[in-house]
Amino acid sequence: MAEVIAIDGGYKLNGTVRISGAKNATVALIPAAVLSDGPVEILGVPEISDVAALATLLRELKCDVEIDGERIKVDPTHMEDIPLVSDAVNKLRASYYFMGALLGKYKRVKIKMPGGCYLGPRPIDLHLKGFEALGAKITYEDDTYLLEAEELVGNSIYLDFASVGATINIMLAAVHAQGKTVIENAAKEPEIIDVANLLTKMGAKIRGVGTDTITIDGVDHLSGTFHEIIPDRIEAGTFLIIAAAAGEKVIVQNIIPQHLEALISKLKEMGIKMDVVGDSIVVYGRDDALKPVNVKTQIYPGFATDLQQPLTTLLTQAQGDSHVKETIYIERFKHCPQLNKMGAHIDLEEAASVIHGPTPLHGTRVEATDLRCGAALVIAGLIAEGRTEITNVYHIDRGYDNIDHKLITLGAHITRYHIDE
Ligand code: EPZ
């Protein structure tokens with residue numbers, strides 16, 4: 001039996017939705033907590049399955065973990081240097097953050113290859129190069145990495161690509177390295193700043209985060225602290241798109257608008273009316289025809305690749321052709337055949353799609369192939385004629401905190417049930 005999310009489309013949405021803590025910060029903050037000598041309390045934790053998977057890994061390391069609602073307490077006091085080779089490791093991509101954290105803490109780590117959504121090739125060569133530059137010797141056998149270092153010594157590391165994961169992972173290893181580490185061409189995503197803020201509260205010495213040059217002066221001890229996670233800009237972006245597609249008046253609350261400038265300007269270019277009011281954005285339903293736009297995904301602060309798939313669904317309703325160019329994950333187009341099953345008319349090109357609009361969508365059974373594809377299909381289901389059934393909902397639950405419950409409070413008709421596979 002497979003669980004599906006079923007959506008009866010065509011209902012106008014109204015009301016307020018509160019955005020949860022950022023998934024892509026949370027999944028780095030939790031491994032970072034093991035670098036501390038004492039308990040770390042993190043607030044604003046989203047209720048997503050990635051958090052449960054990380055808690056499993058922490059418990060494998062003999063960490064005390066308490067999760068209650070939006071609060072997680074990680075106490076590494078009785079932690080042990082244990083290899084992370086269980087299947088829980090390849091449940092998510094971010095398990096690779098234990099590489100940097102455990103290398104930083106124990107100067108050695110044995111860990112399985114991380115998992116995560118298939119979006120095309122996702123190597124971790126930049127992470128490994130960074131660890132080697134700090135003095136780690138790396139061997140790979142049976143799908144498992146062993147990283148060992150006599151000493152971790154600060155170094156200058158130039159990233160060939162401003163990778164989010166590599167920037168954070170090298171930072172986690174360098175906070176305990178001797179001397180100064182400089183990461184050049186570092187990524188600038190807000191989630192990286194959030195991790196550096198936690199580490200700094202623990203006693204780390206980090207400068208320049210949020211710019212393309214980060215400097216870390218190694219310290220011997222990091223102590224327990226308390227941290228509140230930033231709001232999830234990708235969940236916020238998804239709900240802004242949902243409001244534009246199916247809303248009359250929707251208030252998306254607990255947002256940092258600066259984090260969404262690229263999306264906001266695209267939605268305005270399409271003709272969507274919205275007001276930014278403090279940490280909320282009010283989105284007014286589309287009354288006029290939506291204009292087609294061209295989008296090119298880029299590293300932050302450019303247009304986020306994680307919003308490319310959700311926006312594609314809205315572009316199916318625009319009056320004309322829109323072009324989407326993907327520069328981060330060249331194969332991130334598995335949502336397009338699923339949307340075409342619902343009546344969209346999307347052509348694929350090399351690392352790009354052409355969305356011919358407007359096309360009325362109709363409900364049918366579709367497959368979430370990854371997290372953001374799942375979001376694109378939820379949006380399609382909200383505007384489609386009839387019922388849409390989305391399979392592989394585990395992809396959606398990995399990164400969206402109670403999305404169906406939040407949509408029901410806005411007036412959507414959504415249920416979950418099981419179907420024969
Ligand atoms: C993070 O992935 C996010 N995941 C992704 O969100 C997001 O799409 C991505 O950053 C870009 O913003 C998490 O934070 C857990 P990268 P990450 O390293 O760190 C290549 C979602 O939907 N690369 O910045 O893995 C890589 O193949 C997920 O929430 C190398 O070649 O992204 C990709 O093409 C999906 N070698 C590009 O760089 C490396 O060592 C960007 O990757 C590392 C990356």
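Counting convention: from 1, in listed order, for ligands and their atoms alike. Worth knowing before you read on, the calculation uses all heavy atoms, side chains too, and leaves out hydrogens, waters and symmetry mates.
With sequence neighbours left out, Arg387 forms a side chain to side chain contact (heavy atoms under 4.5 Å, CB included) with Ala6, Asp8, Glu389, Tyr417. Taking His405 as the reference, nothing meets the ring pair (Phe, Tyr, Trp, His ring centres under 6.0 Å) condition, with sequence neighbours excluded.
Considering backbone and side-chain N/O of Ile328, one or more are found under 3.5 Å from N/O of ligand 1.
Near Ile124, with a cut-off below 4.0 Å to any heavy atom, the atoms of ligand 1 are 39 (C), 40 (O). Counting atoms of ligand 1 from 1 in the listed order, those under 4.0 Å from a heavy atom of Pro121 are 27 (O). Which parts of ligand 1 touch Lys23 is read off a 4.0 Å heavy-atom cut-off, strictly below it: atoms 21 (C), 29 (O). For ligand 1 and Arg332, the ligand atoms under 4.0 Å from any heavy atom of the residue are 8 (O), 22 (O), 35 (C).
Residue contacts with ligand 1 for Glu191 are absent, since no atom lies close enough (heavy atoms, distance under 4.0 Å). For Arg122, heavy-atom contacts with ligand 1 shorter than 4.0 Å involve the backbone as well as the side chain. Heavy atoms from both the backbone and the side chain of His127 come within less than 4.0 Å of ligand 1.
When hydrogens are left out, the protein atom nearest atom 11 (C) of ligand 1 is Thr305 CG2, 4.0 Å; that is the closest non-hydrogen contact. Distance from atom 39 (C) of ligand 1 to its nearest protein heavy atom, with residue and atom name: Pro123 O, 3.1 Å. With hydrogens left out, the protein atom closest to atom 20 (C) of ligand 1 is Phe161 CD2, 4.7 Å, a heavy atom. Nearest to atom 13 (C) of ligand 1 among the protein's heavy atoms is Asn24 OD1, 3.3 Å. Scanning the protein for heavy atoms near atom 22 (O) of ligand 1, the closest one is Arg372 NE, 2.8 Å.
The nearest non-hydrogen atom to atom 21 (C) of ligand 1, considering only Asp370, Asp306, Thr297, comes from Asp306. Nearest to atom 10 (O) of ligand 1 by heavy atom, out of Leu126, Val164, Asp125, Leu128, is Val164. Between Tyr96, Tyr97, Tyr300, Tyr329, it is Tyr329 that holds the heavy atom closest to atom 9 (C) of ligand 1. Closest to atom 19 (O) of ligand 1 by heavy atom, among Gly165, Ser163, Ala22, is Gly165.
The pair Lys23-Glu235 fails the salt-bridge criterion, with no side-chain N (NZ, NE, NH1 or NH2) lying under 4.0 Å from an Asp/Glu carboxylate O. A salt bridge links Lys266 with Glu269; the closest basic N to acidic carboxylate O contact falls under 4.0 Å. Taking the charged nitrogens against the carboxylate oxygens, Asp142 and Lys112 have no contact shorter than 4.0 Å, which rules out a salt bridge. Salt bridge status for Asp397 with Arg416: present, with a side-chain N to carboxylate O gap under 4.0 Å. Ion pairing between Lys334 and Asp370 fails under the 4.0 Å rule for side-chain N and carboxylate O. With respect to Arg233 and Glu191, a salt bridge is recorded, a charged nitrogen being found less than 4.0 Å from a carboxylate O.
At a distance under 4.0 Å, a protein heavy atom can be found next to atom 41 (C) of ligand 1.
Relative orientation of the Tyr300 and His259 rings is perpendicular, given thresholds of 30° and 60° on the angle between their planes.
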